[in-house]
Undergrad: 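This is the structure I have questions about; it appears just below.
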Amino acid sequence: MARDPGTRSSDLGRPGPARLPLPRSEVELLQRADALAGRRLADIAAEHGVVVPPDLRHHKGWVGDLIETALGARGAGRAGPDLPELGIEIKSIPVNQRGRPRQSTWVCSTPMGGSDLGPWSGSPVRAKLRRVLWMAIAGDGPPGERWIGAPILWSPTAAQEELLATDWEVLAELVSEGLVWQWKAQHGKALQIRPKAARGDDWVWVIDQEAEWVRTVPLGLYLRASFTARVLATEPRLLTPR
DNA sequence: ATCTGATCATAC
DNA sequence: GTATGATCAGAT
């Protein structure tokens, strides 16, 4: 089918104003984030020509995508931080009435290939969490009726980084021993390893302790809600941003 | 209420 | 298929 050369496929189904340019500085990003604080997702979506789904059952990444669009960050599909020039990752996190996270937070897929994951200093977890803009999402009704809390630009404290590093070292050791496929979700103080797949029958091959190939589900690394809760607790106006 | 295994949509 | 964005939904 003929396609209007001016229409990018990523814009199909997203009529309305052109995308915001990338924020050029941390200050500009925070100004945009502050301007979103306290606002309903339906109103923000309308401004960007985004259709609001009735629920998130079939649109699990909708809130995250909307927030990125509203902040002028990249669309989905590209690797690396959301804002490569600023080195900032944007995470939307659903919170309850007390401002505590309602979910764990996706970090990255669990590296299972190879025998040496390397030190914490070079880990993908550290790279991804080096600087994060947390956007709390309050409300538990329909997506459009939820609203945005006070933004938090965060880098791990020394104590938090030590917690993460310890978990990483344990993971690296398990992988080197060919035991990562045995890792249970309850391992890890801050990080958690859980299945991360598009389908229940997805699998990957890894080498076990006896150097045999074994089949396991793809795994992902998540931040525990208890860890994220301590990050969000540093912002007293999380739920009352305006 | 929390935890954890399972799952959904889209871009490339 | 891999990466992005996560939430769902049943078990505990």
Side-chain angles (χ1 to χ4, degrees), chain A residues 3 7-14 19 41 44-45 48 50-84 88-114 124-125 127-129 132-144 146 148 167 180-206 215-230:
Chain A
R3 175 174 289 171
T7 301
R8 288 172 296 143
S9 60
S10 59
D11 284 334
L12 295 176
R14 203 186 67 79
R19 289 184 192 284
L41 299 188
I44 295 166
H48 294 276
V50 172
V51 177
V52 181
D55 61 63
L56 300 181
R57 196 152 38 101
H58 299 290
H59 302 272
K60 296 184 178 181
W62 183 80
V63 176
D65 289 341
L66 176 65
I67 299 300
E68 288 184 354
T69 297
L71 290 173
R74 58 137 196 131
R78 263 121 65 181
D82 298 302
L83 297 163
I88 295 175
E89 174 76 13
I90 298 165
K91 288 288 183 199
S92 64
I93 175 75
V95 297
N96 65 18
Q97 297 174 3
R98 294 170 45 219
R100 285 192 49 104
R102 295 168 51 190
Q103 303 281 345
S104 53
T105 302
W106 162 252
V107 179
C108 61
S109 56
T110 305
M112 294 191 289
V125 176
K128 197 137 194 186
L129 299 182
V132 177
L133 177 62
W134 295 98
M135 298 294 282
I137 308 299
D140 55 3
R146 301 182 191 187
I148 299 181
D167 283 351
V180 65
W181 59 282
Q182 285 187 336
W183 180 297
K184 303 300 181 193
Q186 57 265 38
H187 284 95
K189 292 276 192 290
L191 289 173
Q192 185 182 39
I193 293 193
R194 303 212 310 276
K196 161 72 171 180
R199 303 163 47 83
D201 54 0
D202 282 354
W203 39 256
V204 295
W205 292 97
V206 300
R215 222 174 71 168
T216 186
V217 297
L219 298 172
L221 289 168
Y222 298 79
L223 288 177
R224 291 185 178 280
S226 56
F227 180 89
T228 313
R230 278 171 262 149

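All chains are named by letter (A, B, ...) in the order of the sequence lines, taking the proteins before the strands, and each is independently numbered beginning at 1. This is a predicted model, so every value here is computed, not measured.
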Undergrad: Mind checking side-chain contact (heavy atoms from CB on, under 4.5 Å) for A:Pro94 and listing every partner two or more places apart, or none if nothing turns up?
TA: A:Arg102, A:Gln103

Undergrad: Can you tell me if the side-chain N/O atoms of A:Lys91 get under 4.0 Å from OP1 or OP2 in C:dA6?
TA: yes

Undergrad: Report the distance from atom CG of A:Leu223 to atom P of C:dT7, rounded to the nearest whole Å.
TA: 13 Å

Undergrad: For residues 192-203 of chain A, which residue pairs qualify under salt bridge (Lys or Arg N to Asp or Glu O under 4.0 Å), counting only residues two or more places apart or in two chains?
TA: A:Arg199-A:Asp201

Undergrad: 5'-most contact on DNA chain C: A:Asp55 or A:Lys128, nearest heavy atom basis?
TA: A:Lys128

Undergrad: Of the residues in residues 191-198 of chain A, which ones touch DNA chain C at a heavy-atom distance under 4.0 Å?
TA: A:Arg194, A:Lys196

Undergrad: Could you go through nucleotides 10-12 of chain C and list every protein N or O atom that sits under 3.5 Å from one of its N or O atoms, giving the distance for each pair?
TA:
none

Undergrad: Return whichever of A:Gly61 or A:Arg102 has its heavy-atom-nearest nucleotide of DNA chain C closer to the 5' end.
TA: A:Gly61

Undergrad: Looking at every strand, decide which applies to A:Ser92 at a 4.0 Å heavy-atom threshold: base, sugar-phosphate, or nothing.
TA: sugar-phosphate

Undergrad: For A:Ser92, give me all partners under side-chain contact (heavy atoms from CB on, under 4.5 Å), at least two apart in sequence or on another chain.
TA: A:Val63, A:Ile67, A:Ile137

Undergrad: Return the nearest nucleotide to the side chain of A:Arg224; candidates are C:dA6, C:dA9, B:dT4.
TA: B:dT4

Undergrad: State which residues pass side-chain contact (heavy atoms from CB on, under 4.5 Å) with A:Lys189; sequence neighbours excluded, sorted by chain then number.
TA: A:Leu163, A:Asp167

Undergrad: Describe the nucleic acid contact of A:Asn96 in one word from base, sugar-phosphate, nothing, applying a heavy-atom distance below 4.0 Å.
TA: nothing

